[in-house]
2 protein chains.
Amino acid sequence: MTRTTLLPAMQNAATSDTIAQALSLAIHEHRIAPGTKLGEDELAEIYGVSRTVVRASLQSLSHLKLVDIRRNKGAKVASPSLTEAHEVFEARELLEPRTARSAAKLATPSDIALLERHINEEHTALDAADPGRALYLSGLFHTEIARIANQSTIAGFIETLVARSSLIIALYWRRESALCEKHAHHALVRALADHDEEQAEALMRSHLVDLHSALDLRERNVRAPSLKEALSQ
Amino acid sequence: MTRTTLLPAMQNAATSDTIAQALSLAIHEHRIAPGTKLGEDELAEIYGVSRTVVRASLQSLSHLKLVDIRRNKGAKVASPSLTEAHEVFEARELLEPRTARSAAKLATPSDIALLERHINEEHTALDAADPGRALYLSGLFHTEIARIANQSTIAGFIETLVARSSLIIALYWRRESALCEKHAHHALVRALADHDEEQAEALMRSHLVDLHSALDLRERNVRAPSLKEALSQ
DNA sequence: GAACACATAATTGTATACAATACAAGAAGA
DNA sequence: TCTTCTTGTATTGTATACAATTATGTGTTC
C-alpha cells in the first residue's frame, strides 16, 4: 500500500511507457500543474534515460491531450480552455451513462468488490489530506466502470476524458470539498450490484451533470498562473 | 484535382505529421492492407528522412489504432479482431446520431455545399473505378458532419472510429457494391439542410446500423491473408 | 528609462552510431 | 528425417552528436 512519493521513484528500468504513466499519474494527482514546462533534458535526467525515450513519452501524452507540444517550443502540461472543458464534460455525459448501463448488466461480485475497494481508498486518501490522490482514485472509479462494461474502445475514450477532466478540475474547480462525490459513487455501486440498469444510467448522468455544474466555467474566471506565463503563450 | 498516385509523392519537406497523414490516407484507401509490415528503414528511405521521424509517425498512428506496434517486433497495419469491429461500430452508433443532430442545428449553407461536393467526388471516384478513394471520401463525409457539430473532442473520437472502420471494411466487407451509401448520404444532407434534427439523428442511426449489418462479422469468416502471415503473429 | 540590435546560451529537431533483440538458415546429433 | 543448437543477418531500442530554432541578456541609441 506504499506509494511513490516524488515524481519518479523508478527503481530500475524506465521505459517510455513507465515514464508516460508516471507523468500521467503526477498530472492526475495535481502534483504538476497545468502549464508547467516539461523540458526534455530535465526529464531525461530525472528518469535516467536519454531524450529519445522522454520524447516518446511526451508524444504519447500529447495524443491523450494531457500535454501540449508545439514545434520548437517544447512540451507543457496542457491547460484546457473553457470550450474544451465544456466539450469534455459533454462527451462524458454522452458516453458514460450508457456505459454505466452496460456495466450494470455485466457487473460480477468481484467487480463490485473492486469498486468498493476504490471508494475506500479514496476515503483514506481524503482522510490523509491527500486530495490529489483522492481525485485520481475518483477518476479510476469511472474508468473501472467503463472496463466492466466490456467495451474497450469506449473505455479508452472515457479514460482520456477522465484524464483531461483532472486538468479541468485543476483549473476550474469551485467547490471546496470533493466529498460530494462519495454518496454518488456509493449509490452507483449499489445500482450496479443490483443490476439495475435504468438506475445506473440515471445516477451516472446526474453525477456527471453535478460535476459539470460544480465547475466555474464562466468566462474569464480562469485563475491566471502568472502574467509572464499567461503572455508566453 | 490531381492526387498522389503512389504512397509518398512528397515533393520536399517530409515531417512526422505529413508521413503519418500519407500513411493514414494509404490505409484509408486500401492501398496498404491490414497486417502489412511497416519497416522503419523502408519508410525512412521512401520519405527521405531518418528513422527518428518515421518512428514518431508510426507511434502517432498506433495511438489511432491504425498501426500495431509491438516491442522489438516493429509496426504493422492493424487488423482489428471481430470483437474490435463490433466495438467500433457500436461506439459509432452511440456517438454519431447525436452528433448528426447537433450538426443539423448548426449546419450553414456552406457546410451543406461542402458535403454535397464530397458526395459528388465520391461519385466520381466510383465511376473511375477507384473504390478505395470512394471509401475514403465516404469516411470524410462522416468526419465532416462531426466537425459541423462543433464538438471537436467528439469529432476526434469519430475520426479515429472512421479510420478504424476503414480497416474493418477491408477485412470484413461483404456486399459487392458500395453504392448503397449514396442514398443514405444524400438523405442525410437534406435533413441537415432542413435543420431537421430528429430526422438527421434517425437517418444517421439507421445508416450506421445498415453499415454494421453489411459486414460479415460471423465468427471465423475472416479472410486469412496467408498461412505464413497467419502464423507469424 | 524604453526600444531595438546583436551576440550568446539554452532547448528542440534530426541524423547517426551502437546495443539488444528477434528471425532464419544451416550444422550437428540422435 | 526430425530435433535442437548455433550462428549470422536483419530490425528495432537507445544514446549521442550535430543542426536549427528559440530564448536570454547586454549594450547601444534615442
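Computed from heavy atoms alone, side chains included, the values below leave out hydrogens, waters and symmetry copies. Quantities reported herein were computed from a predicted structural model and do not represent experimental measurements. Throughout, protein chains are lettered first and strands after them, A, B, ... in sequence-line order, and every chain is numbered starting at 1.
Side chain of His86(A) to main chain of Leu82(A): no donor-acceptor pair is present (N/O by atom type, distance under 3.5 Å, no hydrogens or angles).
Distance CD (Glu45(B)) to P (dT12(D)): 14 Å, rounded to an integer number of Å. Note: NZ (Lys76(B)) to P (dT12(D)) measures 11 Å, nearest angstrom.
A side-chain donor from one of Ser152(B) and Glu87(A) sits under 3.5 Å from a side-chain acceptor of the other.
Of all heavy-atom pairs spanning Ala103(A) and Ala149(A), the tightest one is N-CB, 3.8 Å.
Partner of His185(A) under the ring pair (Phe, Tyr, Trp, His ring centres under 6.0 Å) criterion, chosen from His123(A), His118(A), His142(A): His142(A).
Lys65(B) and Glu84(B) are not joined by a salt bridge, as no carboxylate oxygen comes within less than 4.0 angstrom of a charged side-chain nitrogen.
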What does the list of N/O pairs under 3.5 Å between the protein and nucleotides 10-12 of chain C look like, with a distance for each?
residue, atom, partner, partner atom, Å
dT12(C), OP2, Glu40(A), N, 3.4

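The shortest distance between the side-chain N/O atoms of Thr52(B) and the OP1/OP2 oxygens of dT14(C) is not below 4.0 Å.
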